[in-house]
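What follows is one structure encoded as structure tokens, with my remarks underneath.
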Protein chains: 2
Amino acid sequence: MTDEQAVGLAPMFKALGDPVRLRLMSMIASTTEICVCDLTDAFDLSGPTISHHLRVLREAGLVDSERRATWVYYSAKPEALRQLSGLLEITTPA
Amino acid sequence: MTDEQAVGLAPMFKALGDPVRLRLMSMIASTTEICVCDLTDAFDLSGPTISHHLRVLREAGLVDSERRATWVYYSAKPEALRQLSGLLEITTPA
DNA sequence: TGTCAATCTAGACGTATGTCGAAGCAGGCA
DNA sequence: TGCCTGCTTCGACATACGTCTAGATTGACA
């Protein structure tokens with residue numbers, strides 16, 4: 001792995017390296033799309049904090065967001081998760 | 001995913017969330033074992049900094065270390081990588 | 001025993017991160 | 001137009017992180 005590849009991929013792992021974001025990612029990826037209000041309800045954290053974590057996931061390229069009327073819906077980007085999964089498999093020859 | 005699961009798994013992702021550690025992990029996992037001196041030579045960083053990153057990978061459960069004579073050898077723990085890879089696959093139904 | 005080489009630990013320093021409350025923005029509705 | 005609700009942005013704060021230099025530790029060997 002080159003340094004450039006590592007610099008490009010590390011932010012995705014970093015984004016998943018927080019328990020709150022890992023659970024958020026799990027919830028988002030478990031369905032086609034989910035409203036921020038449903039995500040916020042699942043945690044004992046303030047709205048701004050959840051919004052911050054969702055922004056980190058978005059900027060890491062792991063999720064997309066779309067506003068429809070009053071609500072914002074998040075969805076997973078499967079190709080990003082496959083990229084990470086594939087990297088770990090290649091790294092695990094046995 | 002429960003909060004407990006997330007709290008347990010997030011540190012592994014977090015450990016891979018730094019470009020230096022991701023490259024270290026890639027180098028370690030690409031062979032059966034590798035000497036710290038070879039790892040240090042591959043980076044423009046001080047020995048203590050590499051040692052620090054290796055400790056993070058070790059405490060995350062991703063690698064093992066073993067001292068033999070003057071040198072310390074690191075090896076990957078495949079079951080940990082498979083755990084992460086499996087999680088990402090489950091999270092990616094399509 | 002003394003010395004040398006490889007590695008780790010300790011302490012310091014600047015920056016990044018996670019969290020919050022307060023304020024701002026966007027869209028629906030009276 | 002004005003107001004309410006859902007979500008984001010802003011600013012602040014304590015803590016964690018990445019890096020370094022200096023010093024400690026471990027093992028080999030004369």
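Each chain gets a letter, A, B and so on, in the order the sequences are listed, and its residues count up from 1.
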A:R55 side chain, from C-beta outward: closest of C:dT19, D:dT9, C:dC8: D:dT9

Secondary-structure string, 5' to 3', Watson-Crick or G-U under 3.5 Å, | for another-strand partners, for DNA chain D: ||||||||||||||||||||||||||||||

Neighbours of DNA chain C within residues 63-71 of chain B, by heavy-atom distance under 4.0 Å: B:T70, B:W71

Contacts of A:S46 that satisfy side-chain contact (heavy atoms from CB on, under 4.5 Å) - sequence neighbours left out: A:P48, A:T49

DNA chain D contacts among residues 31-50 of chain B, heavy-atom distance under 4.0 Å: B:L45, B:S46, B:P48, B:T49

Pairs flagged by salt bridge (Lys or Arg N to Asp or Glu O under 4.0 Å) wherever residues 6-28 of chain A is involved - sequence neighbours left out: A:R23-B:D3

Contact check, side chains of A:L22 and B:M1, non-hydrogen atoms, under 4.5 Å: yes

Short side-chain N/O contact to C:dC8 OP1/OP2 from B:Y74, under 4.0 Å: yes

Only distances under 3.5 Å count here; give the side-chain donor-acceptor pairs of residues 32-45 of chain B to other protein atoms, sequence neighbours excluded, each with its distance to 0.1 Å.
from	atom 1	to	atom 2	distance (Å)
B:E33	OE2	B:R68	NH2	2.6
B:T40	OG1	B:V36	O	3.0

Hydrophobic cluster identity match, B:V56 and A:L88, side-chain contacts under 4.5 Å: no

Closest non-hydrogen atom pair between A:M27 and A:T31, with its separation: O-CG2, 3.8 Å

Nearest-angstrom distance from the residue atom CD of B:E59 to P of D:dG18: 12 Å

Separation of atom NE2 in A:H52 from atom P in C:dG21, rounded to whole Å: 15 Å

Gap between atom CG of B:L84 and atom CD of B:E79 - 0.5 Å precision: 11.0 Å

Transitive ILVMFWY cluster of B:Y73, excluding itself - 4.5 Å side-chain cut-off: B:W71

With B:P11 via side-chain contact (heavy atoms from CB on, under 4.5 Å) - residues at least two apart: none

Name the atoms and distances for all side-chain donor-acceptor pairs under 3.5 Å in residues 58-65 of chain B, with sequence neighbours left out.
from	atom 1	to	atom 2	distance (Å)
B:R58	NE	B:Y74	OH	3.3
B:R58	NH2	B:Y74	OH	3.1
B:E59	OE2	B:R55	NH1	3.4

side-chain contact (heavy atoms from CB on, under 4.5 Å) between B:Q83 and B:M12, intermediate numbers included: CA-CA 10 Å; B:Q83 193 177 6; B:M12 294 193 195; 3.7 Å; yes

Derivation and outcome, side-chain contact (heavy atoms from CB on, under 4.5 Å), residues B:L57 and B:L16: CA-CA 8 Å; B:L57 290 174; B:L16 297 177; 4.3 Å; yes

Distance, rounded to the nearest Å, where B:H53 contributes NE2 and D:dC20 contributes P: 8 Å

Closest non-hydrogen atom pair between B:A29 and B:L81, with its separation: CB-CD1, 4.4 Å

Positions of residues 5-22 of chain A (non-hydrogen atom under 4.0 Å from DNA chain D), listed by number: none

